[in-house]
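Take this structure, written in structure tokens, and hold onto it; I'll ask about it next.
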Amino acid sequence: MQIEKFNPSAVDKKWQKFWDQNKVFKASDSKNLKKYYCLEMFPYPSGKIHMGHVRNYTLGDVIAHYKRLNGYNVLHPMGWDSFGMPAENAAIQNKLHPKDWTLKNIEVMKAQLKLLGFSIDWDRELSTCDSDYYTHQQKFFLDLYEKGLVYKKESLVNWDPVDNTVLANEQVIDGKGWRSGAPVVQKKLSQWFFKITSFAEDLDQSLNGLTEWPEKVKLMQKNWIGKSEGCEIIFKIKNTKDTKNINIFTTRPDTIFGASFLALAVDHPLSENYLNDQKYQKFKEACYQSANTEETLAKTDKIGFKTDYVAEHPFIKGKTIPIFFSNFVLMGYGTGAIFGCPAHDQRDLEFANKYGLEVIPVILPPNENEKTFKIQNEAYIGEGKIYNSDFLNNLSVHEGKKTIIKKIEQNKIGTSKVTFRLRDWGISRQRYWGCPIPILYDDTGNAIPVDKKDLPVKLPEDISFEKPGNPLDHHPSWKFVKCKKTGTTLIRETDTLDTFVDSSWYFLRFCSSKLKESGYADSDVKYWMPVDQYIGGVEHAILHLLYSRFFTRAITTGTKNEMKEPFKGLFTQGMVCHKTFKNSEGKWIFPEEVFEKDGKFFEEKTNQEVTVGPSESMSKSKKNVVDPQTVINLYGADAVRWFVLSDSPPERDIQWSDEGISGSYKFIQKIWLISEMIQVIPANLKMNDGDKSSIEKLIHKLIKDITYNIDHFHFNVAVAKFYEFTNHLSKILHENKGEQEYLKNIFKDFLILIYPFVPHIASESWEKLKIKEKINQQKWPVFKQELLKEEIINLVIQINGKKRAVLEVEPNQSEEVLFKKCTELDSVNKFLDGKKIHNKIYVKNKLINLVIK
RNA sequence: GCCCUCGUGGUGGAAUUGGUAGACACAAAGGACUUAAAAUCCUUGCCCGUAAGGGAGUGCCGGUUCGAGUCCGGCCGAGGGCACCA
């Protein structure tokens with residue numbers, strides 16, 4: 001019997017064409033069907049797809065197929081996050097227009113996604129750099145402006161003085177611009193902000209309702225929002241003519257009797273009194289310098305500048321405490337002022353020890369004595385009993401907080417207060433390739449929103465990157481607009497929006513992707529939202545997801561269709577990793593330039609041995625990448641899909657290996673071999689009832705296992721279960737024990753189960769079964785519980801919890817019978833050895849444990 | 001420094017509620033088929049033993065339990081997040 005090998009290149013093409021032409025994966029417009037919205041994070045069109053994309057979209061594709069087979073109307077769209085800096089950098093380097101570069105990349109990457117056979121509804125494709133998309137974004141911006149959720153303020157930014165541009169934090173490397181290498185300076189710029197902080201409480205609280213999100217991501221968001229409850233306390237300044245007060249924030253008002261100084265941020269309003277003080281200005285400089293990089297911050301010494309002022313202690317009559325400016329207090333958090341309680345805060349203690357300030361313990365740890373307890377170099381931050389504290393004495397920390405806040409409010413010297421670490425979202429970027437901010441300025445600099453009728457504010461295409469800086473700034477005409485009312489010349493905002501804004505609502509746009517009048521239709525969004533399953537990299541755990549949660553709230557708040565959480569289920573996948581190689585010159589080289597011999601690696605060009613680095617996430621800079629296109633050409637789409645689903649659990653990193661992909665290819669061939677072997681079983685071959693029922697049991701067990709493992713995202717286990725089943729099936733076929741019609745029926749279910757994973761070969765094999773309906777029109781099989789019942793079970797016999805024998809018995813026998821049987825076993829008896837059975841545990845149909853002494 | 005997660009064979013990993021640890025796969029060794037190779041199939045896998053069988057065993061130490069990879073406490077190691085947040 002000669003069986004031809006499976007030819008992926010021909011078969012892949014055939015089915016991709018079929019799916020495309022028949023719009024097999026188009027979401028239905030009918031809103032009566034039960035829906036399922038499956039979304040993977042859309043890609044940035046950087047050039048070509050990488051393995052991370054392959055993994056991400058394969059995971060989503062399995063879910064999308066699975067839900068379709070289960071009768072859902074599935075929305076599985078794709079788009080392009082196509083604004084951003086790489087396009088501009090490419091433009092500068094290659095003299096290509098960012099638009100041309102981007103569109104070309106999209107074309108290439110779309111073709112590559114099609115080569116993998118993803119079941120995407122391409123009719124809903126969108127691209128954020130398309131004015132059909134960003135016109136709605138500009139309208140949302142104006143809506144938020146009207147709602148008071150957008151404002152402009154001065155803020156410090158990282159400024160590259162050579163490239164004349166703002167840099168994001170991650171583009172500042174060792175204090176220098178990542179491209180120019182010039183030292184980055186802090187510059188005050190007037191920037192636009194979204195008031196994300198006004199949703200801080202809700203963004204924090206609602207995390208609890210996201211039961212289908214990873215705990216890790218929720219925790220990261222919680223920490224980022226950083227809610228802390230405490231109170232503000234007003235301290236009176238004693239020796240000043242205009243009796244200014246200092247408002248401080250604390251989460252530990254219970255330690256107020258331990259206060260020994262106040263510390264203020266260097267840019268606190270009180271510093272205005274020191275504008276002409278040379279010593280103070282020097283001190284301020286020193287603070288800014290030490291604050292250069294973030295990691296050194298924590299290790300930097302705490303330094304202070306003692307003012308001439310002292311504050312009155314609010315509860316101890318006649319007591320005054322000194323006031324300092326210090327580098328460890330930040331203006332951006334709380335009120336920019338604190339009271340220092342050295343005994344119970346490590347930073348305060350370090351500061352107090354340095355400047356010789358009082359250390360007054362007020363919390364007594366359990367098992368400590370008031371007289372002997374001392375604070376040395378470590379502050380005590382734990383629970384305990386309050387002492388040295390007048391009316392708070394003998395209370396716990398918790399009770400103390402409640403009591404003192406009540407007192408503070410009674411005395412009108414403060415109020416309880418919740419503070420968040422979260423800051424408002426700065427959205428201005430001094431960049432060309434982004435969504436223009438729809439704002440105009442009159443000659444006095446007043447901001448005037450663009451009339452919604454005049455949207456979109458389109459990006460001009462005739463721009464030049466010859467001069468450094470933002471091309472919109474030095475465009476000859478674009479930024480000048482005549483005011484309709486007054487006829488005067490207005491000037492456009494030349495900053496563009498942070499690209500995170502683009503990705504904060506694309507999931508809404510997919511619901512009504514072609515709608516002209518607005519960003520989305522309420523009816524569409526009511527039907528499709530929320531996204532049932534969102535899948536992407538954990539690197540977006542904070543910003544993208546938080547911004548999307550905010551934006552969804554912000555644009556719908558006050559409308560008829562208010563929305564909160566856009567993503568019901570979230571799955572964060574691991575990365576694709578590969579070893580790194582460096583040649584003898586110390587340069588990174590691609591894996592394909594390396595060959596292996598006797599466990600050592602050599603460069604092909606030079607035959608010299610290469611240095612092998614640890615396996616890391618694939619990245620262009622380290623060249624440890626494998627191009628999906630090359631692998632698809634060699635092994636076909638199904639083998640690649642199968643590989644990225646195999647072995648490693650989806651949430652963990654996966655190691656790319658040549659053995660792995662060729663193993664996957666072999667498995668694809670094995671499915672084909674089974675499919676072909678079933679076709680040529682002689683008609684006279686019959687199976688006996690026992691063989692029939694055993695394979696029937698196996699397929700029902702497979703249905704159960706695959707269903708369970710897809711539902712729980714255990715795709716690697718599902719893969720293992722498929723291997724197990726095919727091993728059995730191919731054994732039957734190799735031993736010539738199969739009956740054609742019977743096995744065809746079994747195989748039919750198998751193909752439906754495996755179709756979401758490897759749709760090309762499943763479709764091709766299905767066609768050979770000559771069934772009228774296509775595989776994509778099938779229903780997900782249902783397993784029969786009664787078939788999963790074992791006729792013979794393996795009863796484990798333990799002695800003192802150790803396995804000593806396995807008894808094959810019929811299920812549901814009485815304990816006495818089974819117990820008698822097991823004491824008749826030699827393997828059990830030799831351990832009993834006349835000893836007394838102290839106790840016996842029986843777990844039905846599972847085990848007997850004999851406890852002997 | 002604070003917070004979180006994870007430690008299972010040579011490797012990736014499995015074990016759904018505490019109940020046969022190592023499914024499945026990769027790699028390795030041996031064998032079958034073949035003139036040979038590729039492909040395919042079979043066997044092996046820590047320690048003692050030819051075998052039957054026994055022992056140890058899920059990072060380390062201890063606890064709970066008839067029974068612990070799984071639960072609890074302490075330590076060690078790896079990874080991730082935040083970073084003077086009052």
Side-chain angles (χ1 to χ4, degrees), chain A residues 5 214-224 226-228 230 248-253 255 263 265 290-291 294-302 326-330 332-341 344-348 350-351 381 419-423 538-539 541-542 599 646-649 651-655 657-660 662-664 666-667 669-670 673 704-705 708-709 711-712 714 716-727 730-731 734 794-806 827 830 838-843 846-852:
Chain A
K5 273 183 118 182
E215 288 302 321
K216 183 177 69 172
V217 174
K218 286 194 277 184
L219 196 74
M220 279 162 74
Q221 293 221 352
K222 247 191 164 30
N223 291 340
W224 187 263
K227 179 178 177 175
S228 61
I248 65 94
F249 175 74
T250 180
T251 55
R252 293 296 304 273
T255 63
S290 68
E294 286 188 340
E295 298 97 72
T296 57
L297 267 180
K299 290 163 201 151
T300 316
D301 256 5
K302 284 146 191 60
S326 176
N327 61 339
F328 77 98
V329 180
L330 308 171
Y333 184 79
T335 60
I338 61 154
F339 79 75
C341 175
H344 305 292
D345 183 288
Q346 191 57 35
R347 290 157 307 183
D348 296 350
E350 282 167 35
F351 190 81
I381 52 171
T419 303
F420 296 91
R421 218 185 64 96
L422 184 69
R423 312 286 167 83
V538 74
E539 65 274 18
I542 299 175
S646 309
D647 289 346
S648 288
E651 68 275 11
R652 255 189 254 177
D653 288 352
I654 186 172
Q655 300 296 322
S657 74
D658 294 341
E659 293 83 13
S662 72
S664 296
K666 278 180 202 163
F667 179 69
Q669 292 298 342
K670 188 167 181 173
L673 186 69
K704 187 186 176 195
D705 288 342
Y708 177 87
N709 285 307
D711 281 337
H712 290 82
H714 297 165
N716 57 321
V717 185
V719 163
K721 301 290 179 188
F722 278 124
Y723 279 128
E724 227 167 324
F725 181 80
T726 50
N727 285 347
S730 83
K731 200 168 198 172
H734 279 289
N794 292 329
L795 190 81
V796 174
I797 313 298
Q798 294 183 337
I799 293 169
N800 288 347
K802 231 169 223 180
K803 183 177 84 172
R804 291 302 178 193
V806 178
S827 51
K830 75 177 176 202
H838 193 67
N839 192 5
K840 48 182 195 272
I841 313 287
Y842 174 57
V843 182
K846 273 219 166 115
L847 65 79
I848 286 178
N849 188 12
L850 302 174
V851 185
I852 59 173

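It should be emphasised that the depicted structure is a prediction, and the values quoted were computed from it without experimental measurement. Letters A, B, ... mirror the listed sequences (proteins, then strands); counts begin at 1.
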Note to self: Work out how far the C1' atom of B:C60 is from that of B:G18, and round it to whole angstrom.
What the structure shows: 22 Å
Margin query: Under 4.0 Å, counting only non-hydrogen atoms across every strand here, what does A:Arg423 touch: a base, just sugar-phosphate, or nothing?
Written below: base
Checklist line | Phosphate OP1/OP2 of B:C24: any A:Ser646 side-chain N/O under 4.0 Å | finding: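 A:Ser646 to B:C24 OP1/OP2: no side-chain N or O under 4.0 Å.
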Next item on the list: Tell me whether the OP1 or OP2 atom of B:A14 has a side-chain N or O from A:Asn716 closer than 4.0 Å.
Entry: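 A:Asn716 to B:A14 OP1/OP2: side-chain N or O found under 4.0 Å.
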Next item on the list: Determine: side-chain N/O of A:Lys721 to OP1/OP2 of B:A25, distance under 4.0 Å, yes or no.
Entry: no
Next item on the list: In sequence, state the C-alpha distance, the side-chain angles, and the governing distance for A:Ile338 and A:Asp348, and then conclude on side-chain contact (heavy atoms from CB on, under 4.5 Å).
Entry: CA-CA 10 Å; A:Ile338 61 154; A:Asp348 296 350; 3.8 Å; yes
Margin query: What I want to check is whether an N or O donor and acceptor connect the side chain of A:Gln346 with the base of B:G1 at under 3.5 Å.
Written below: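 When only heavy-atom distances are counted, A:Gln346 does not reach the base of B:G1 through any donor-acceptor pair under 3.5 Å.
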Next item on the list: Rounded to whole angstrom, note down the C1' distance from B:G13 over to B:U58.
Entry: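 Between the two C1' atoms, the distance is 13 Å.
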Item checked: Strand partner of B:G79, provided both Watson-Crick or wobble distances fall under 3.5 Å -> B:C4
Notebook entry, point to check: So what does A:Lys846 touch, heavy atoms closer than 4.0 Å: a base, only the sugar-phosphate, or nothing?
Noted result: sugar-phosphate
Note to self: Please confirm whether the shortest side-chain N or O distance from A:Arg804 to OP1 or OP2 of B:G55 is below 4.0 Å.
What the structure shows: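 Affirmative; the distance criterion is met.
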Checklist line | Closest nucleotide among B:G81, B:C24, B:C82 to the A:Asn727 side chain | finding: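 Nearest nucleotide to the side chain: B:C24.
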Note to self: Under the rule for side-chain hydrogen bond (donor to acceptor under 3.5 Å, both in side chains), what residues qualify as partners of A:Asp658, not counting sequence neighbours?
What the structure shows: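 If we apply the side-chain hydrogen bond (donor to acceptor under 3.5 Å, both in side chains) test to A:Asp658, skipping adjacent residues, there are no hits.
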Next item on the list: Go through the N and O atoms of the side chain of A:Lys302 and the base of B:C84, and report whether any donor-acceptor pair is under 3.5 Å.
Entry: yes
Check: Taking OP1 and OP2 of B:A86, is either one under 4.0 Å from a side-chain nitrogen or oxygen of A:Tyr333?
Finding: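 The answer is yes; a side-chain N or O of A:Tyr333 sits under 4.0 Å from OP1 or OP2.
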Check: Base, sugar-phosphate, or nothing: which does A:Val851 touch, judged by heavy atoms less than 4.0 Å apart?
Finding: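 Sugar-phosphate contact only.
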Margin query: Is A:Arg652 close enough to B:C6 that one of its side-chain N or O atoms is under 4.0 Å from OP1 or OP2 there?
Written below: no
Check: Using the purine O4'-C1'-N9-C4 or pyrimidine O4'-C1'-N1-C2 torsion, is B:G31 syn (within 90° of 0) or anti?
Finding: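 Glycosidic conformation of B:G31: anti.
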Item checked: Separation between the C1' atoms of B:A14 and B:G62, rounded to whole Å -> 28 Å
Checklist line | Whole-Å C1' distance, B:G1 and B:U8 | finding: 32 Å
